[in-house]
Amino acid sequence: MTAISAKDLSRFCDDYLNSKEFDDYCPNGLQVDADTPITKIITGVTACQALIDTAIAQHAQAIVVHHGYFWKGEPAPLIGMKGKRIRTLMQSGISLIAYHLPLDAHPKIGNNALLAKALDLNITGALYPHEKHPVGNIATCPPISPDDFANKIKERLGRSALHICSGKQTLSKIGLCSGGAQDMIEQAAKMGCDAFISGEISERTTHSARELGLDYFAAGHHATERYGVQALGEIIAQQFGIKAQFVDIDNPA
């Protein structure tokens, strides 16, 4: 059976996602090297204990996620919950590879690109046009009522979005950014969008949507970021001839 090292796997992903070109909130790439030849990977949104336990049960040697560890501003000591997670990885011979913004921004397998595809949206540009690798996007669709669009989100993502109505009859120009991008709503308004989709909502977001005159859809941080890492796993499997299994750990947030 084909096997690959964690370092070679992360180097491939680094190149594919252009990860070195991002100034991110966490290190992208290989975060925990268990130095075990890899024949099977588990992919998931967040490197939680439940995902690690599943990787152990499935006899995987690596986990590839969107939300890994070592975020800016978090305590450095490997104690408590983080210590247990990393200890479990090392003792089980499982490496951890994580990509945050590079996996949001990729034009083909990024969370935003695949979220737009799932919702039948055509990406036409960037929310912030000056960015080399845009994290947020602008998309268009044939005119659709806000209620019908909310129903489409529920159908395609498997959960209802929290919808703040603006009073518009139809939507056709929509800003989107997966995850915790609710504060991009002002930029969406500046770019002339009818609506904005992100994963999370804050208390202030409701007031912003009402005062800016945009429909706002909070479709879930987890729900909007399941697509990219799953697609990356499929590419890894094809490239190296190893097994890849996406595991969706339920998360309503």
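Not measured: the values here are computed from a predicted model. Because only heavy atoms are used, hydrogens play no part in the values below, and waters and symmetry mates are left out as well, while side chains stay in.
Note on residues 137-147: pairs passing side chain to side chain donor-acceptor pair (under 3.5 Å), not counting sequence neighbours, are S145-D148. Among residue pairs with one or both ends in residues 4-15, those qualifying as salt bridge (charged side-chain N to carboxylate O under 4.0 Å, His left out) are D8-R11, D14-K20; sequence neighbours excluded. Judged as a ring pair (Phe, Tyr, Trp, His ring centres under 6.0 Å), the pairs with a partner in residues 234-253 (not counting sequence neighbours) are, in order, F12-F240.
Although no hydrogens or angles enter the test, the distance criterion places a donor-acceptor pair under 3.5 Å between the side chain of E74 and the main chain of F70. Under a 3.5 Å cut-off, the side chain of S95 and the backbone N or O of A34 do form a donor-acceptor pair. Here the side chain of Y128 pairs no donor or acceptor atom with the backbone of Q187 at under 3.5 angstrom.
Between K40 and H59 there is no side-chain heavy-atom pair separated by less than 4.5 Å. Between L103 and V229 the shortest side-chain heavy-atom distance falls below 4.5 Å. You'll find the side chain of F196 reaches within 4.5 Å of the side chain of L127, heavy atoms only. Taking the side chain as every heavy atom from C-beta outward, C26 and W71 approach each other to under 4.5 Å. The closest side-chain heavy-atom distance from L232 to L17 is below 4.5 Å. Put simply, the side chain of H222 does not reach to within 4.5 Å of the side chain of D250, judged on heavy atoms. Under the 4.5 Å side-chain criterion, counting only non-hydrogen atoms from C-beta, F217 is not in contact with L176. A 4.5 Å side-chain heavy-atom check between T88 and K84 finds at least one atom pair inside the cut-off.
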Could you list the donor-acceptor pairs under 3.5 angstrom formed by side chains in residues 157-165, with sequence neighbours left out?
unit_1	atom_1	unit_2	atom_2	d
R159	NE	A219	O	3.1
R159	NH1	P252	O	2.5
H163	NE2	D215	OD2	2.6

Expected list for residues 107-118: side-chain donor-acceptor pairs under 3.5 angstrom, two or more places apart:
unit_1	atom_1	unit_2	atom_2	d
N111	OD1	G228	N	2.9
N111	ND2	D104	OD1	2.9
N112	OD1	S178	N	2.7
N112	ND2	D104	O	3.4
N112	ND2	V135	O	2.1

* To do: Tell me, with the steps shown, if H207 and E211 meet side-chain hydrogen bond (donor to acceptor under 3.5 Å, both in side chains).
  => CA-CA 6 Å; H207 302 296; E211 294 175 35; 5.0 Å; no

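What you find for G44 and L51 is that their closest heavy atoms are CA-CD2, 4.0 Å.
In this structure, the side chain to side chain contact (heavy atoms under 4.5 Å, CB included) partners of Q182, at least two apart in sequence or on a different chain, are S198, E200, S202, T205, Y216. For K152, the salt bridge (charged side-chain N to carboxylate O under 4.0 Å, His left out) partners at least two apart in sequence or on another chain are D120. Applying the salt bridge (charged side-chain N to carboxylate O under 4.0 Å, His left out) rule to D23 yields the partners K72; only residues at least two apart in sequence or on another chain are considered. Applying the salt bridge (charged side-chain N to carboxylate O under 4.0 Å, His left out) test to E203 and every residue at least two apart in sequence or in another chain returns nothing. Looking at residues two or more places apart in sequence or on another chain, you find no salt bridge (charged side-chain N to carboxylate O under 4.0 Å, His left out) involving R87. Partners of S10 under the side chain to side chain contact (heavy atoms under 4.5 Å, CB included) rule, at least two apart in sequence or in another chain, are L30, I97, Y99. Scanning for side chain to side chain contact (heavy atoms under 4.5 Å, CB included) contacts around D183 gives R204, with sequence neighbours left out.
Aromatic ring centroids of F22 and H100 lie 6.0 Å or more apart.
Annotation: K168, atom NZ; neighbour count of heavy atoms from other residues, nucleotides and ligands within 6.0 Å is above 12.
Hydrophobic clustering (side-chain heavy atoms under 4.5 Å, transitive across Ile, Leu, Val, Met, Phe, Trp, Tyr) keeps I201 apart from I197. Hydrophobic clustering keeps I41 apart from L96 (ILVMFWY residues linked when any side-chain heavy atoms are closer than 4.5 Å, directly or through intermediates).
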